[in-house]
Amino acid sequence: MCLILFAWRAHPAYPLVVAANRDEFRARPALPLHWWQDSPDLLAGRDQEAGGTWMGVSRNGRFAALTNYRDPSLRRSDAPSRGALVREALESNADAHATLNALASRSADYVAFNLIVSDGHQLGIHESTTGAVRMLAPGIYGLSNHLLDSAWPKVERARARFAAALDKLPADGDFVELLRDTTPAEDEDLPRTGVSLEWERWLSPAFILAPGYGTRSSSVLSAGHDGQIRFSEWTWDEDGNELGVVTHRFRAEAADTGTPG
């Protein structure tokens, strides 16, 4: 993923709400959201090049998602795919804190990333560039290709719109609209991440349409206190036109029946 907005225990009916965009090279093949044959409890899209995923949920209500950390100086051609970390987090039997700590112990093997994990009772993040593992308090958060809640224009704009969209649940139209926002940042507000100014401009909107690269899919997930999970994914072509939409609904086998706070 390259933009994730999420509300953790900030809504009276839904402990977890997520809206996210996956940005990727157009030539990299991927399968849309589906239940995996080789891991039947895992619902996610799938990278066909390396076999991992960017965001998913399991039948017992676990959630995980990953963003890359943008810094060209940190690239390595010999590193394993970060998509395997999301699968490991979803298949783990440990709680979210223990899962994140275990994966953090190996994060130096990978190119820089941020990993979010929830077991339905707690939610945390590992930022590999700082080495930190943090369990998060109830609130509304935004993450792109830097640290959690970095003041990038698209993160701040999308987070504000996401907060407003929570009031419309279970309707998801406003979430999709904010994920489809192609508004670029002003040059003076652009982050400086080591790519060219032209590419900083291309990458500054929530919804990216760049040469050979861009937003390939958008996802909205809601998990209720009753254990009901709804997970939808829209896929887009190189011009931003819809290719398809998939929605899955199921009841988590181990539902969280707690209350916010």
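Heads up: numbering here begins at 1 and tracks the sequence.
- With no hydrogens or angles considered, a side-chain donor-acceptor pair links Trp236 and Ser218 at under 3.5 Å.
- Shown here are the side-chain hydrogen bond (donor to acceptor under 3.5 Å, both in side chains) partners of Arg62, two or more places apart in sequence or in another chain: Thr99.
- No hydrogens or angles considered: a donor-acceptor pair under 3.5 Å links the side chains of Asp23 and Thr215.
- Using a cut-off of 4.0 Å between Lys/Arg side-chain N and Asp/Glu carboxylate O, Arg106 and Glu88 are scored as salt-bridged.
- Between Phe113 and Tyr110, the ring planes are perpendicular. Angles over 60° get that label, and only those under 30° would be called parallel.
- Inspection of the His146 and Thr193 side chains reveals no N or O donor paired with an N or O acceptor under 3.5 Å.
- No more than 12 heavy atoms of other residues, nucleotides or ligands lie within 6.0 Å of CG in Asn93, so this atom counts as exposed by the packing criterion.
- In the displayed structure, Glu238 atom CD is contacted under 6.0 Å by at most 12 heavy atoms of other residues, nucleotides or ligands.
- A cation-pi arrangement is not found for Arg87 relative to Trp36, the charged atom failing to lie both closer than 6.0 Å to the ring centre and inside a 45° cone about the ring normal.
- Residues meeting the side-chain hydrogen bond (donor to acceptor under 3.5 Å, both in side chains) test with Asp239, sequence neighbours left out: none.
- With no hydrogens or angles considered, no side-chain donor-acceptor pair links Ser58 and Asp41 at under 3.5 Å.
- Within 6.0 Å of CD on Gln48 lie more than 12 heavy atoms contributed by other residues, nucleotides or ligands.
- Scanning both residues, Tyr14 and Pro170, for their nearest heavy atoms gives OH-CB, 3.5 Å.
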